Amino acid sequence: MSISSKFMGFDIKSPIVIGSCGLTANVENLKKMEAAGAGAVILKSLFEEQITQEMNVNVKVYSANFSGYPEAYNYIQEHTKGQAIEKYIKLIKDAKASLNIPVIASINCITASEWLPFVKTVEESGADGIELNMFILPSDINLSHEDIERLYEDIIHIIKRATSLPISLKISSYFSSLTRFAQKISWMGITNLNIFNRFYQSDINIDTFETVPVDIKSNHHELYNTIRWTAILSEAIRCDLTAGNGVHKPEDVIKLLLAGADTVQVVSVLYDEGVDFIINANNKLKEWMKEKGYSSINQFKGKLSIKDNKNASAFHRVQFMKYYSGIE
Ligand SMILES: Cc1cc2nc3c(=O)[nH]c(=O)nc-3n(C[C@H](O)[C@H](O)[C@H](O)COP(=O)(O)O)c2cc1C
């Protein structure tokens, strides 16, 4: 029996991919993840603002191009000591020297801007691929959905010209037509789509009248949104699909594979349970496959996607009516 899968053009020994986070910024952690059976790792993201600042871009001109996050520049200017790129390149090289599984670099970006030449540096430092976490919250009233989608497309176009490395795009679910958009970008030469990233959440303190950060980790309930979109998108796109956001139990990995994911991303649960989760999830997958008589993931991957029901929105509405109207 084999639990191997495909990720960004690589054959990987387990469908579990460790998503970008603070834990993947440390080579000792990465080694433990590999030893526990992870299929691939995505390094902690380097932020576009860190790259552009170190490339001596005129920050004011740059931020005026996209009115989204000017406060990020101030933060970066105050808090980086100008060695972010150097440190990141060292992380890639050290990880590559220590691991046998694919090592994917990650860039968190909001524009198709001067940071793009940096991908050549990533390629030269030996990374096996690049993931772009595009942090574009559709909050700007001046941007239409076409503007936002064009931004994604521009970035893909340009990065495809800048590197021959396989590219994974990590997106949120905030699109007015997620299926159509995902299909379109999957035709543009990306190797993998990763659903979903998370935006930082804020709460409000009613005594101090301040906004306060909420724990960034996911909860298990978020898995259901991921299952739905995995079942839908896996049938619509023409690249590999990594699904995550809300994976907290070993059986969640099996669920997302059944929904059609090629690989499953885990992050929050590693903060809670450590690398034991990887061991448990791989074991659970093997036990379940044995019990059901499967010898490879391909034999059941996508078995519960929407393939046999092309009209997914109608399907969901019917379920909704049954549940809320009592019509059986
Ligand atoms: C502490 C923490 C740090 C994260 N840092 C990054 C990051 O640097 N880049 C990125 O693309 N995603 C980052 N993420 C998002 C995760 O990669 C992942 O998309 C998200 O947490 C959903 O997966 P999960 O439910 O398994 O946590 C971070 C998540 C957490 C919890």
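Computed from a predicted model, the values in this text were never measured in an experiment. Atoms within a ligand are numbered from 1 in the order they appear, just like the ligands themselves.
- Scanning all protein heavy atoms for the shortest distance to atom 1 (C) of ligand 1 gives Tyr271 OH, 3.4 Å.
- Salt-bridge check for Lys217 with Asp272: passed, with a basic side-chain N closer than 4.0 Å to an acidic carboxylate O.
- Listed by atom number, the atoms of ligand 1 under 4.0 Å from Lys170 heavy atoms are 10 (C), 11 (O), 12 (N), 15 (C), 16 (C), 17 (O), 18 (C), 19 (O).
- Of the polar atoms of Gly22, none of the N or O atoms is found under 3.5 Å from an N or O of ligand 1, judged by distance alone.
- Between Asn108 and ligand 1, a contact under 3.5 Å exists for no N or O pair.
- Nearest protein neighbour of atom 22 (C) of ligand 1, counting heavy atoms only, is Asn245 OD1, 3.1 Å.
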Could you go step by step and tell me if Ser218 and His248 meet the side-chain hydrogen bond (donor to acceptor under 3.5 Å, both in side chains) rule? CA-CA 9 Å; Ser218 67; His248 285 260; 2.8 Å; yes

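- Between Lys6 and the choices Asp262, Asp11, Asp240, the side-chain hydrogen bond (donor to acceptor under 3.5 Å, both in side chains) rule is met once, by Asp11.
- Under the 4.0 Å criterion applied to side-chain N and carboxylate O atoms, Asp147 and Arg150 are assigned as salt-bridge partners.
- Regarding atom 26 (O) of ligand 1, its nearest protein heavy-atom neighbour is Val267 N, 2.8 Å.
- Side-chain contact check for Ser296 and Ser2: no donor-acceptor pair (N or O, by modelled atom type) lies under 3.5 Å.
- Counting protein heavy atoms only, atom 27 (O) of ligand 1 is closest to Ser268 OG, 2.5 Å.
- Heavy-atom separations between Ile216 and ligand 1 include at least one value shorter than 4.0 Å.
- Atom 8 (O) of ligand 1 has Lys44 NZ, 2.9 Å as its closest protein atom, hydrogens excluded (heavy atom only).
- Atom 25 (O) of ligand 1 has as its closest protein heavy atom Ser218 OG, 2.5 Å.
- Here the protein heavy atom with the shortest distance to atom 20 (C) of ligand 1 is Arg198 CD, 3.2 Å.
- Every atom of ligand 1 with a heavy atom of Gln265 under 4.0 Å away is listed here by number and element: 18 (C), 19 (O), 23 (O).
- Listed here is the closest heavy atom pair of Val247 and Gln265: CG2-O, 4.0 Å.
- Taking 4.5 Å as the limit, every side-chain heavy atom of Tyr88 sits out of range of all side-chain heavy atoms of Ser125.
- The only member of Phe196, Trp229, Phe199 that meets ring-ring contact (aromatic ring centres under 6.0 Å, His included) when paired with Tyr174 is Phe199.
- Every N/O-N/O distance between His248 and ligand 1 stays at or above 3.5 Å.
- Ring to ring, Trp288 and Phe300 are close: their centroids are under 6.0 angstrom apart.
- Ligand 1 has no atom lying under 4.0 Å from any heavy atom of Gly244.
- Aromatic ring orientation, Tyr152 versus Phe181: perpendicular (interplanar angle above 60°, classes split at 30° and 60°).
- Polar contact with ligand 1: absent for Asn197 (N/O pair, distance under 3.5 Å).
- Nearest protein heavy-atom neighbour of atom 7 (C) of ligand 1: Ser20 OG, 3.3 Å.
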